[in-house]
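Remember, it's a predicted structure, so these values are computed and weren't measured experimentally.
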Amino acid sequence: MSTATFNSICFNQGYLRKGEVKISKVKNRNQRVKFYVGGASVLSTKCMQSSEKNKKEVRIGLLGASGYTGAEIVRLLANHPYFGITLMTADRKAGQSMGSVFPHLITQDLPTMVSVKDADFSSVDAVFCCLPHGTTQDIIKGLPRHLKIVDLSADFRLRDIAEYEEWYGQPHSASDLQLVFPIIQKEAVYGLTEISREDVKNARLIANPGCYPTSIQLPLVPLIKVNVLLLLNSLNTEISLSTQNLVSVELVTFSGRGAKEANLYSEIAEGIYSYGVTKHRHVPEIEQGLSDAAQSKINVSFTPHLMPMIRGMQSTIYVEMSQGVTMEDLYQQLRKSYEDEEFVKLLDKGVVPRTHNVRGSNYCFMNVFPDRIPGRAIIISVIDNLVKGASGQALQNLNIMLGYPENTGLLYQPLFP
């Protein structure tokens, strides 16, 4: 019996033209003949990629392509129907192909990486900046004003440039007398997508949130806005949020690709340790977002922990509820806030979020549990730190900025196991 298939097949005799049909006889191991019918779709994978790339409506520049967040953006854009990468920069890897730096991306038809100083932005509509903190400021200053920009560094997340200098150990360029920097700093929109969607729509420059702040603010902001958490006083509010975050080791998705002794396999395997105790750089970003929600100053107690895993982040948050508020009230408020959201999911009661269940995806899973101490509750939130905590949220933001459905290119399901 003959079997017809319509998979993409490339014949040695050449590609078929539109409307042509070719039948090829192929013998299997049992010497039975199968007929493969090819039509207009009979093209090699590479040919299809090039054709699709040329049709894409938005030309993307990727600055800092040789880091983990850059590689993750390439992975996500591989199936994006509207965005095609036309420019890639990586100073230390200039002249190299993306496939030579990240062999898992060798199938992608991408431009050769160039130095930032040699980049031509005339063929670019939007840019992802995946550059180190402190570098992005000067680069963005020189970019054409027509470009839509999503910055994955911390350079534009903090409105108070004095705080930036305190926590990042270097002055912010907005403190210069040059007029351009204060203008850029003020126009930057903090892009926690589900919270700031309307502001993101009209933005030119998005300050993409950090991974820890994303996993912490998503569950807390809706609760703080409706006053279900106990705030010490209305004038100088403080709330103690003891947060445990589990992130990757060594292959260092949380701190970049650079070699660091503390992240060597022999230094971190089979163990867990706290770092950035009382002074982690994401503290002011978390406090800024929560204070905006409360319309009053909030201080947090934040201690991150490093665990031997490549992807994943969990925040365990301990909160005290306002008088008369129950754990059920917290659950229902989170349900109401996120019931129509694509990427933020409140799990069924009693189900504990696991980093395994969001790995490789743009999802944030969360849940709330009663503490054994009366009047207190425990909130657990998990994300993939490279996707929802970085590149995925960046793509979600750019989709909104350019008027495309925000889930475009982001419907990858979690990888399990």
Side-chain angles (χ1 to χ4, degrees), residues 129-141 143 149-200 202-218 220-222 224-225 229 231-241 243 245 255 275-304 315 317 389-390 393-394 397:
C129 286
C130 303
L131 300 167
H133 310 311
T135 303
T136 307
Q137 301 168 35
D138 289 326
I139 298 298
I140 287 181
K141 180 187 69 170
L143 294 180
I149 303 167
V150 181
D151 176 26
L152 281 77
S153 81
D155 282 5
F156 296 96
R157 293 174 187 163
L158 301 180
R159 292 190 297 268
D160 186 341
I161 59 175
E163 276 199 319
Y164 179 89
E165 182 172 355
E166 175 187 351
W167 290 88
Y168 286 86
Q170 60 189 50
H172 196 286
S173 297
S175 61
D176 293 349
L177 295 178
Q178 300 177 51
L179 183 61
V180 66
F181 280 117
I183 292 176
I184 294 175
Q185 180 71 15
K186 289 179 180 179
E187 73 173 327
V189 169
Y190 185 71
L192 189 61
T193 315
E194 285 76 15
I195 306 300
S196 306
R197 184 176 284 113
E198 292 305 312
D199 293 329
V200 169
N202 300 314
R204 183 186 82 91
L205 169 61
I206 292 293
N208 210 59
C211 46
Y212 287 131
T214 295
S215 67
I216 294 168
Q217 291 180 89
L218 283 175
L220 286 180
V221 166
I224 291 175
K225 282 184 174 180
L229 301 182
L231 306 180
L232 295 184
N233 64 64
S234 60
L235 296 179
N236 186 20
T237 303
E238 294 187 1
I239 182 170
S240 178
L241 304 173
T243 308
N245 300 271
S255 62
Y275 71 102
V277 180
T278 75
K279 57 183 179 181
H280 194 279
R281 289 174 169 180
H282 284 163
V283 167
E285 182 182 342
I286 296 167
E287 292 182 340
Q288 175 179 271
L290 300 186
S291 297
D292 287 348
Q295 298 184 335
S296 183
K297 176 62 178 175
I298 287 183
N299 296 323
V300 300
S301 175
F302 171 67
T303 305
S315 291
I317 308 166
Q393 186 160 216
N397 282 324

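Formation of a donor-acceptor pair under 3.5 Å by the Glu287 side chain with backbone atoms of His282 is not found in this model. Arg157 contributes a side-chain N or O that, together with a main-chain N or O of Leu152, makes up a donor-acceptor pair within less than 3.5 Å. Within the 3.5 Å criterion, the main-chain N or O of His133 finds no donor-acceptor partner in the side chain of Asp155. Remark: the backbone N or O of Gly210 is paired with a side-chain donor or acceptor of Thr214 at under 3.5 angstrom. Not one N or O on the side chain of Glu166 forms a donor-acceptor pair closer than 3.5 Å with the backbone of Ala162.
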side-chain contact (heavy atoms from CB on, under 4.5 Å) between Ile195 and Lys225, intermediate numbers included:
CA-CA 11 Å; Ile195 306 300; Lys225 282 184 174 180; 4.1 Å; yes
Does Cys129 form a side-chain contact (heavy atoms from CB on, under 4.5 Å) with Val150? I'd like the steps, not just the answer. CA-CA 6 Å; Cys129 286; Val150 181; over 6 Å; no
Exercise. Taking it one step at a time, do Val200 and Thr193 satisfy side-chain contact (heavy atoms from CB on, under 4.5 Å)?
Worked result: CA-CA 7 Å; Val200 169; Thr193 315; 5.5 Å; no
Q | Verdict with supporting geometry, Ile140 and Phe156, side-chain contact (heavy atoms from CB on, under 4.5 Å) | A | CA-CA 11 Å; Ile140 287 181; Phe156 296 96; 3.6 Å; yes
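Contact between Gly289 and Val221 at its shortest, heavy atoms only, is O-CG2, 4.4 Å. Nearest heavy-atom pair across Pro209 and Gly191 is CD-O, 3.2 Å. The two residues Val189 and Ala203 have their closest heavy-atom pair at CG2-CB, 3.7 Å.
A heavy-atom distance below 4.5 Å is found between the side chains of Val300 and Ile298. Two residues are said to be in side-chain contact when any heavy atoms from C-beta on lie closer than 4.5 Å; Ile206 and Ile149 fail this criterion. Inter-residue side-chain proximity for Leu229 and Leu220 is flagged as met; some heavy-atom pair is nearer than 4.5 Å. Ser153 is not listed as a side-chain neighbour of Thr135, based on a closest heavy-atom distance of 4.5 Å or more. The side-chain heavy atoms of Leu192 and Leu218, taken from C-beta on, include a pair separated by under 4.5 Å.
At a cut-off of 3.5 Å, with distance as the only test, no side-chain donor of Asp151 or Asn208 sits close to an acceptor on the other residue. Between Glu285 and Tyr190, the side chains place a donor N or O and an acceptor N or O closer than 3.5 Å (distance only, hydrogens not considered). Side chains of Tyr164 and Gln137: a donor on one and an acceptor on the other come within 3.5 Å.
Note that the CD1 atom of Ile224 and the OG atom of Ser296 stand 10.5 Å from one another [nearest 0.5 Å]. Here the CG-CG distance, from Asp199 to Asn202, works out to 8.0 Å after rounding to the nearest 0.5 Å.
By the 30° and 60° cut-offs, the orientation of the rings of Tyr212 relative to Tyr275 is tilted.
Applying the salt bridge (charged side-chain N to carboxylate O under 4.0 Å, His left out) test to Arg159 and every residue at least two apart in sequence or in another chain returns Asp292. Not counting sequence neighbours, Glu163 has no partner by the salt bridge (charged side-chain N to carboxylate O under 4.0 Å, His left out) test.
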